[in-house]
Amino acid sequence: MDQCQSSNVPSDQEVVCPEAVDRIRGIISTLPIENGWRFIEPLCLYQGFWCHPSLAERIMLGQEYFKAEPNDIFLCSPPKSGTTWIKALTFAIVTRTCFDSSTSPLLFKMPHECVPALHRIFGKKPDIREPGLPLIATHSHYASLPKSVLHSDCKIVYICRDPKDAFVSLFHFRAKLRPEEIEPISLEAAFDLYCEGKSDFGPFWDHILGYWRASLERPGKILFLKYEDMMKDTTFHVKKLAEFMGYPFSLEEEKEGVVQKIVELCSFEFMSNLEVNKNGMLFGIRNHQVRNKDFFRKGKVGDWRNHLTPEMAERLDKIIEQKLTASGFGRDWLNVKPVLEEQQV
C-alpha cells in the first residue's frame, strides 16, 4: 500500500464486543497489584510482566483479536529506551517518498502521534494502522505479542538501553506525569522496585532477553538494536533500519544526502526545539494529559552517573550480569563510559 493512500474505514466502529471487554476486565481484577510507584493507576502482573490495568486490557484484546499483516513492522522497546527516537527514524524512512525534511509530519506532530501504539488504542477502532503506514509500536514483552505477530511474516524492530539510564529516565518521566495530589516516590524507593522487576513492563531483564533470544532464532524477522550503538553511528544504523524494513536507500539518495537529512530531522536538538514538542500535549493513561516536552529530557549515554550512587549502579550491574550476560548479552553495559551526544527517548 502506498504510504500516502487514504482509508475509508470508519474510526468509531468497535472492533470487539462489550462482553469481551467485560470478561477481560474481570480477569484483570484478579491480578496481583503493585502501587509503590504512586501513579494514576497501579501496576498489575500479567503473564509475568507489570503494566497498568488499562494497558493490560488493550494488550489482552490485541492478543485475542489483532490480525497481523505481512507488511506490518512492529517497533518494540522497554519504556524510556529510545522509543521516541526509533519511531521518528522509522517514520521518516518509510514515508520519505511522500515527504521530505521540509514537509514531514514530524515537524508538526510528535512521533507518538505519527506511529500508532497497539497497547493504547486497540479495540477502540477496527484498524489501528495509520493509512498506508506499516508501523505499529508496543512495549509488550515478546511472548505477550499477539500470536498473529509471532507467527506471521511481519517484522519487528527492537531497541533497548542500559537499564541504569533507562531507570533514571523512567523515574524523572513518571515524576513529571504524577498529579500533584499524589505523594511522590523517592528515587531510592523507585530504584528498589525497578531492581525487583516491578516497573512499567518490567522485569527489564525478561523484556530484553525475550527479544534477544528471538532475534538469534529469527534474525530475518527481528532486528535487535542497542541505543548506545545507534548513538555511536546513527547514519550506519539508519541505513541498516531501512534495509531491514524493506525501504533501502538508493545510491542516488545517499549521494543526495537523504540519509543525513533524516538523521538531522530526528535528532534530539532539532526535535526538542520544534514548537509541537515544546508546547504540545498528548493524552495518556485515563486521558491524563502529557506534555510533549516531557519525552525530551536528556537521553545521554551514561547520565545515570549524575543520579545513582556507586552502590546503586553496582546493584544494577550485578542484576545485568546475573540475568543477561549468561545469554551472551549486556556485558558492555557494565562500567560503560558516558557519551556526550544527545537523543530523545
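Count residues from 1 along the sequence. Quick note: numbers below take in every heavy atom, side chains included, and nothing from hydrogens, waters or symmetry partners.
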With a 4.5 Å limit on heavy-atom distance, are the side chains of [X] and [Y] in contact?
X      : Y      : result
Ile159 : Lys226 : no
Gln47  : Gln63  : yes
Tyr247 : Leu241 : no
Cys195 : Leu316 : yes
Phe296 : Met271 : yes
Leu106 : Leu265 : yes
Ile320 : Phe329 : no
Ile93  : Met245 : yes

Indicate yes or no: does [X] engage [Y] in a salt bridge with an N to O separation below 4.0 Å.
X      : Y      : result
Arg315 : Asp192 : yes
Arg297 : Asp303 : yes
Lys318 : Glu314 : yes
Asp317 : Lys164 : yes
Glu253 : Arg96  : yes
Asp200 : Lys80  : no
Arg23  : Glu64  : yes
Lys239 : Glu254 : yes

Using distance alone, with no hydrogens and no angle criterion, decide if [X] and [Y] have a side-chain donor and acceptor under 3.5 Å apart.
X      : Y      : answer
Thr235 : Gln260 : yes
Trp333 : Glu228 : yes
Glu69  : Ser152 : no
Glu269 : Asn273 : no

Among the clusters formed by ILVMFWY side chains lying less than 4.5 Å apart, do [X] and [Y] turn up in the same one?
X      : Y      : value
Ile27  : Tyr65  : yes
Leu282 : Leu177 : yes
Phe108 : Leu89  : yes
Phe173 : Ile182 : no
Phe236 : Leu223 : no

Original post:
So is Arg174 actually on top of Phe39's ring, under 6.0 Å and inside 45° of the axis?
Top reply: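 Flagged: Arg174 positioned over aromatic ring of Phe39.
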
Hey, could you give me the [atom1]/[atom2] distance between [X] and [Y], rounded to the nearest 0.5 Å?
X      : Y      : atom1 : atom2 : result
Ser199 : Glu34  : OG    : CD    : 10.5 Å
Cys154 : Leu145 : SG    : CG    : 8.5 Å
Leu31  : Leu43  : CG    : CG    : 12.0 Å
Ile28  : Leu45  : CD1   : CG    : 12.5 Å
Phe191 : Phe171 : CZ    : CZ    : 12.0 Å
Asp72  : Ser148 : CG    : OG    : 8.0 Å

Original post:
Are His141 and Phe201 close enough that their ring centers fall under 6.0 Å?
Top reply: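 That pair fails the under 6.0 Å test.
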
Original post:
Does His172 have its ring centroid less than 6.0 Å away from the ring centroid of His307?
Top reply: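 Yes - the distance between ring centres of His172 and His307 falls below the 6.0 Å cut-off.
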
Original post:
What pairs with Arg213 under salt bridge (charged side-chain N to carboxylate O under 4.0 Å, His left out), at least two apart in sequence or on another chain?
Top reply: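 Result, salt bridge (charged side-chain N to carboxylate O under 4.0 Å, His left out) vs Arg213: none returned.
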
Original post:
Can you name the residues that form a salt bridge (charged side-chain N to carboxylate O under 4.0 Å, His left out) with Glu196, not counting sequence neighbours?
Top reply: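 For Glu196 the salt bridge (charged side-chain N to carboxylate O under 4.0 Å, His left out) partners, ignoring immediate neighbours, are Lys198.
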
Original post:
Pick one: which of Phe224, Tyr158, Phe74, Tyr211 meets ring-ring contact (aromatic ring centres under 6.0 Å, His included) with Tyr142?
Top reply: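 The ring-ring contact (aromatic ring centres under 6.0 Å, His included) with Tyr142 is passed solely by Tyr211 among Phe224, Tyr158, Phe74, Tyr211.
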
For [X] and [Y], indicate whether the former's side chain and the latter's backbone hold a donor-acceptor pair under 3.5 Å.
X      : Y      : answer
Ser215 : Trp212 : yes
Asp165 : Trp304 : yes
Arg291 : Gly280 : no
Thr95  : Phe91  : yes
Ser29  : Gly26  : yes
His52  : Pro42  : yes

**OP:** Using a cut-off of 6.0 Å, state whether more than 12 heavy atoms not belonging to Glu181 lie near its atom CD.
**Re:**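 Correct, the count exceeds 12.
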
Original post:
Is atom NZ of Lys293 surrounded by more than 12 heavy atoms (other residues, nucleotides or ligands) closer than 6.0 Å?
Top reply: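 12 or below, so no.
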
**OP:** Determine the sole option in Leu334, Leu209, Ile319 for which the side-chain contact (heavy atoms from CB on, under 4.5 Å) test with Leu324 is passed.
**Re:**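 Checked Leu334, Leu209, Ile319 against Leu324; only one passes side-chain contact (heavy atoms from CB on, under 4.5 Å): Leu209.
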
